[in-house]
Amino acid sequence: MEKFLPLEHIEKLRTLITTAQNIVLTCHVSPDGDAIGAMLAMKNFLERKGKQVLAVVPNIYPDFLKWLPGACDICIYEKNEEVLLPKLTCADLFFFLDFNGLNRMSTLAEPVMENTNAVRVLVDHHLNPELNSCHLMFSYAEMSSTCELLYHLLVELEGEDNLTHDEAVCIYTGMMTDTGGFTYNSNRSSVYYIIAKLLEKGIDKDKIYRNVFYDYSADRFRLLGFMLYVKMDILPEYNAVLLSLTREEQKRFSHKKGDTEGFVNMPLQIRGTRLSIFLRENTEQDNIRVSLRSVDDFPCNQMAAEFFNGGGHLNASGGQLECSLDEALEIARKAVRKYAPLLRGNKIS
Ligand code: 5GP
Ligand code: MN
């Protein structure tokens with residue numbers, strides 16, 4: 001497999017890890033499988049090196065990731081600010097995993113950035129990192145996931161043989177979730193080379209798939225059925241679909257964190273659809289969460305930046321709006337109209 005990480009960066013990282021004692025790992029708000037997988041693989045690796053490691057997420061993460069090895073040690077900042085603050089203050093090394101801008105850390109950004117004595121290392125696969133304050137950046141947008149990048153990093157640091165089974169499980173989970181079970185952003189052969197290597201560590205990839213994707217509540221399924229039947233707005237002239245859910249509708253189906261995960265992908269299964277936009281009244285904050293998914297070359301990230309205060313990848317992006325759901329739907333329709341020429345474009349076969 002081709003090596004692409006600059007040797008001097010690897011050596012710098014090795015020195016930083018060797019000299020650090022208290023290491024804090026952080027990720028983006030509303031952590032997903034890639035963020036949690038990367039944190040736990042890194043935590044496991046650093047603990048093997050005898051380091052004191054704290055994994056802190058800005059807010060809660062979905063139940064379907066709680067089976068991951070080491071997940072019980074993850075601290076949630078939003079619920080434990082007072083206990084965690086001193087630990088953030090005495091950290092000498094931070095790892096920023098799976099995000100490219102400080103705002104993605106939510107309220108965790110302030111205490112982390114106040115610790116000016118600590119060294120900060122970014123490991124991420126989003127375009128255009130806005131974290132100039134990092135002392136060392138591993139930013140590779142061509143990677144399927146932060147976990148794929150982390151695989152390369154860990155192998156460069158100490159060789160393939162030392163990678164443990166638990167680290168392999170965490171890395172596989174991140175790669176699998178960020179590619180929708182290897183259905184998008186996963187055409188590079190090296191992705192499958194890595195999977196082969198992870199299988200050699202004894203991971204049960206079929207079980208991992210079931211743990212993540214076959215662990216939904218009945219309520220979640222009924223909410224999905226309701227949304228697809230009642231709330232889906234198909235815009236055939238634009239090859240686009242709008243989905244929306246109010247807070248009330250989510251409550252009616254006993255919504256829990258993570259229940260709407262994956263909903264936005266579903267309309268892409270409708271023949272000819274190039275773009276799916278999901279607008280959801282946020283159950284944790286007073287805003288509208290926006291998710292966008294596309295196929296082929298339609299740039300979701302461009303649309304997310306232009307209309308939804310967000311960004312992301314070409315085919316998977318997100319953002320938020322400070323307005324009512326009806327206003328958000330209007331903005332989404334406007335966005336679709338503006339991008340009509342790209343949406344109507346011939347599909348690549
Ligand atoms: P999701 O729809 O799963 O919430 O987000 C999909 C992807 O969009 C994420 O992996 C992340 O890369 C990006 N994303 C989501 N929300 C935001 C946001 O508020 N700002 C930016 N820059 N990217 C986002
Ligand atoms: Mn990711």
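Just follow the structure's listing: the first ligand is 1, and inside any ligand the first atom is 1.
Using the six-membered ring where Trp is involved, F64 and Y216 have ring planes that are perpendicular, over 60° apart on the 30 and 60° scheme. Using a 30° and 60° split on the angle between ring planes, F278 and F263 fall in the tilted class, from 30° to 60°.
When the Mn ion (ligand 2) is compared with the N/O/S atoms of D98, atom OD1 turns out nearest. Restricting D178 to its N/O/S atoms, the shortest distance to the Mn ion (ligand 2) is reached by OD2.
Side chains of T283 and K257: no donor on one and acceptor on the other come within 3.5 Å. Between the side chains of N115 and T89, no donor-acceptor pair is found at a separation under 3.5 Å. With 3.5 Å as the limit, one finds a donor-acceptor pair spanning the side chains of T146 and D98.
Residue, atom and distance of the protein heavy atom nearest to atom 13 (C) of ligand 1 are G311 O, 3.4 Å. Nearest non-hydrogen protein atom to atom 2 (O) of ligand 1 is S291 OG, 2.6 Å. Distance from atom 4 (O) of ligand 1 to its nearest protein heavy atom, with residue and atom name: R289 NH2, 3.1 Å. At the top of the distance list for atom 15 (C) of ligand 1, counting protein heavy atoms only, stands G318 CA, 3.4 Å.
L102 and V123 fall into different hydrophobic clusters, where Ile, Leu, Val, Met, Phe, Trp and Tyr residues are linked whenever their side-chain heavy atoms come under 4.5 Å apart, directly or through other members. I288 and F308 end up in the same hydrophobic cluster when Ile, Leu, Val, Met, Phe, Trp and Tyr side chains are linked at under 4.5 Å.
Put simply, D32 stays out of reach of the Mn ion (ligand 2), with no N, O or S atom under 2.8 Å from it. Here H125 reaches the Mn ion (ligand 2): one of its N/O/S atoms is less than 2.8 Å from the metal. At a cut-off of 2.8 Å, D34 coordinates the Mn ion (ligand 2) through an N, O or S atom.
Considering backbone and side-chain N/O atoms, H126 comes within less than 3.5 Å of an N/O atom of ligand 1. Checking only distances, R293 does come within under 3.5 Å of ligand 1, N or O to N or O. When only interatomic distances are considered, the shortest N/O to N/O separation between Q320 and ligand 1 falls below 3.5 Å.
Selection from G319, A316, A305, G101 by nearest heavy atom to atom 7 (C) of ligand 1 gives A316.
A cation-pi geometry, defined here as NZ or CZ lying under 6.0 Å from the six-membered ring centre and within 45° of its normal, holds between K66 and Y61.
Ring-centre distance between Y229 and F226: not below the 6.0 Å cut-off.
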